Protein chains: 2
Amino acid sequence: MVREGQITTRMSNIASNIENYLKHLLETAPGAVILLQRKELAALFQCVPSQINYVLSTRFIPEKGYLVESRRGGGGFLRIRKLELSREKAECLMTLQRELNREGLSLRELSGVIGRLVDAGLVTSREGRIMQEAIRPAICLVGETAVHRCRVAALAGMLAILFSE
Amino acid sequence: MVREGQITTRMSNIASNIENYLKHLLETAPGAVILLQRKELAALFQCVPSQINYVLSTRFIPEKGYLVESRRGGGGFLRIRKLELSREKAECLMTLQRELNREGLSLRELSGVIGRLVDAGLVTSREGRIMQEAIRPAICLVGETAVHRCRVAALAGMLAILFSE
DNA sequence: TAATCTATGGTCAGAGAAGGTCAAATTACA
DNA sequence: TGTAATTTGACCTTCTCTGACCATAGATTA
């Protein structure tokens, strides 16, 4: 459980080097967006490509204010975006997301987070319903294709909300 | 994931280049209809003719609001039309929802459905971004099993979207 | 008119080009 | 020394590109 500012010793592992490199790129990038290729980045740091995924999945997550998109196949890419948030918003977001990562968080509690956003006027009630639908547990999500099925179910539910108005 | 039209930068591949070219033509074409020949387009982009079919069948599909007609033989042609979908007609999209459970539906296709809703004015662009985030494959699911993490990741991503505005 | 020729576009399977996932092995740290 | 973070590679999925072969429309000719 490493927190910024507590690190006194080494930063000399590949993951941190890549992290720093990407953050530097993001700082100087117009729009705080960078576009790159996994294998090139891996080649640059002389590591296996999956190392890049490790870095992205541990350092460039929404909780930390980053959004990552990607595409496979020829012309594939990774796009990393740094969200530019005001101080208050960033803090509020942090708080909420810290809450999300607590262990054993129930669906009801997730749902509660959305409810509070609506109450606070940060999210319209319609947006709130869309989000509720997105996290509603879809029945029959057994097996390995669970994640994709989860997405399909979420989208189907969101469509239902949208069309019910 | 990637929603066409929101992309600001992209890795270059032939398919995307052709896609952009055609969309540009469509934007400036009276009646949102263009008429062209497969082999000429292929020659323009220095690719095999079937590449054109690939682009048409992956990017200019009804789900994304395009209609393609063609004719073979001498004087053959391709006609591509961008459909104007009125809000009233949007109930057609209900069919899409029925098709969401079709096997082999890719994330891009799911994403395309959302894009279509935005285009149709059924969904605000902000709502669209929320929804895109909800179906994006959580890149932070490494080594975890899955569905609940997926929901948490989706909500985290949606929060990030909401706070970035 | 029927047969044939020629100019198009269509289909499909396979190769190639990315990125994604998982779990075991290793390393760093408290 | 035990736990968490990192590193790696085998294997998977998705997207793109190509070419051989197919189908059709219109023009030409017998």
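Predicted, not measured: the structure shown is a model, and the values here were computed from it. Order of the sequence lines fixes the chain letters, A, B, ..., with proteins taken first and strands second; residue numbering starts at 1 for each chain.
By the salt bridge (Lys or Arg N to Asp or Glu O under 4.0 Å) test, A:Arg116 is found to be paired with A:Glu99, residues two or more places apart in sequence or in another chain being considered. For A:Ala42, the side chain to side chain contact (heavy atoms under 4.5 Å, CB included) partners are A:Cys47, A:Pro49, A:Ile52, not counting sequence neighbours. With sequence neighbours excluded, no residue forms a ring pair (Phe, Tyr, Trp, His ring centres under 6.0 Å) with B:Phe77. Looking at residues two or more places apart in sequence or on another chain, you find a salt bridge (Lys or Arg N to Asp or Glu O under 4.0 Å) between B:Arg79 and B:Glu69.
Between D:dT16 and B:Tyr54, a contact under 4.0 Å exists linking OP1 or OP2 to a side-chain N or O.
Every pair passing ring pair (Phe, Tyr, Trp, His ring centres under 6.0 Å) that includes a residue from residues 29-50 of chain A is listed here, sequence neighbours excluded: A:Tyr21-A:Phe45. Every pair tested for salt bridge (Lys or Arg N to Asp or Glu O under 4.0 Å) that includes a residue from residues 42-54 of chain B fails, sequence neighbours excluded, so the list is empty.
Rounded to an integer number of Å, the gap from CD of A:Gln51 to P of D:dA10 is 16 Å. Rounded to whole angstrom, the span from the CG atom of A:Asn17 across to the P atom of D:dT6 amounts to 12 Å. Rounded to whole Å, the distance from CG on A:Asn13 to P on C:dT26 is 18 Å. Rounded to a whole Å, the CZ atom of B:Arg59 is 12 Å from the C1' atom of D:dC17. Rounding to whole angstrom units, CD1 of residue A:Ile14 and P of C:dT27 are separated by 12 Å. The nearest whole Å value for the distance from the CZ atom in A:Arg79 to the P atom in C:dG20 is 13 Å. At whole-Å resolution of the value, CG in A:Leu35 and C1' in C:dA18 are 13 Å apart.
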Between N or O atoms, less than 3.5 Å apart, protein on one side and nucleotides 6-10 of chain C on the other: list the pairs.
residue: C:dT8; atom: OP2; partner: B:Lys39; partner atom: NZ; Å: 3.1
residue: C:dT8; atom: O5'; partner: B:Lys39; partner atom: NZ; Å: 3.2
residue: C:dT8; atom: O4'; partner: B:Gly73; partner atom: O; Å: 3.0
residue: C:dT8; atom: O2; partner: B:Gly73; partner atom: N; Å: 2.9
residue: C:dG9; atom: OP1; partner: B:Arg38; partner atom: N; Å: 2.8
residue: C:dG9; atom: OP2; partner: B:Lys39; partner atom: N; Å: 3.1
residue: C:dG9; atom: N2; partner: B:Arg72; partner atom: NH1; Å: 2.9
residue: C:dG10; atom: OP1; partner: B:Ser70; partner atom: OG; Å: 2.8
residue: C:dG10; atom: OP2; partner: B:Asn53; partner atom: ND2; Å: 2.8
residue: C:dG10; atom: O4'; partner: B:Arg72; partner atom: NH2; Å: 3.0
residue: C:dG10; atom: N7; partner: B:Arg38; partner atom: NH1; Å: 3.0
residue: C:dG10; atom: N7; partner: B:Arg38; partner atom: NH2; Å: 3.2

Tabulate atom names and distances for all N/O pairs under 3.5 angstrom spanning the protein and nucleotides 2-4 of chain C.
none

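Here CZ of A:Arg59 is found 10.5 Å from CG of A:Leu22. Values are rounded to the nearest 0.5 Å.
Nearest nucleotide to the side chain of A:Ala15, out of D:dT16, D:dT6, D:dC17: D:dT6. Distance from the side chain of B:Ser50 is smallest for C:dT11 among the nucleotides D:dT7, D:dC17, C:dT11.
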Identify all side-chain donor-acceptor contacts of residues 28-40 of chain B below 3.5 Å with residues at least two apart in sequence or on another chain.
residue: B:Thr28; atom: OG1; partner: B:His24; partner atom: O; Å: 3.3
residue: B:Thr28; atom: OG1; partner: B:Leu25; partner atom: O; Å: 3.2
residue: B:Gln37; atom: NE2; partner: B:Gly76; partner atom: O; Å: 3.0
residue: B:Arg38; atom: NH1; partner: B:Asn53; partner atom: OD1; Å: 2.7

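At least one side-chain heavy atom of B:Asp119 sits less than 4.5 Å from a side-chain heavy atom of B:Lys82.
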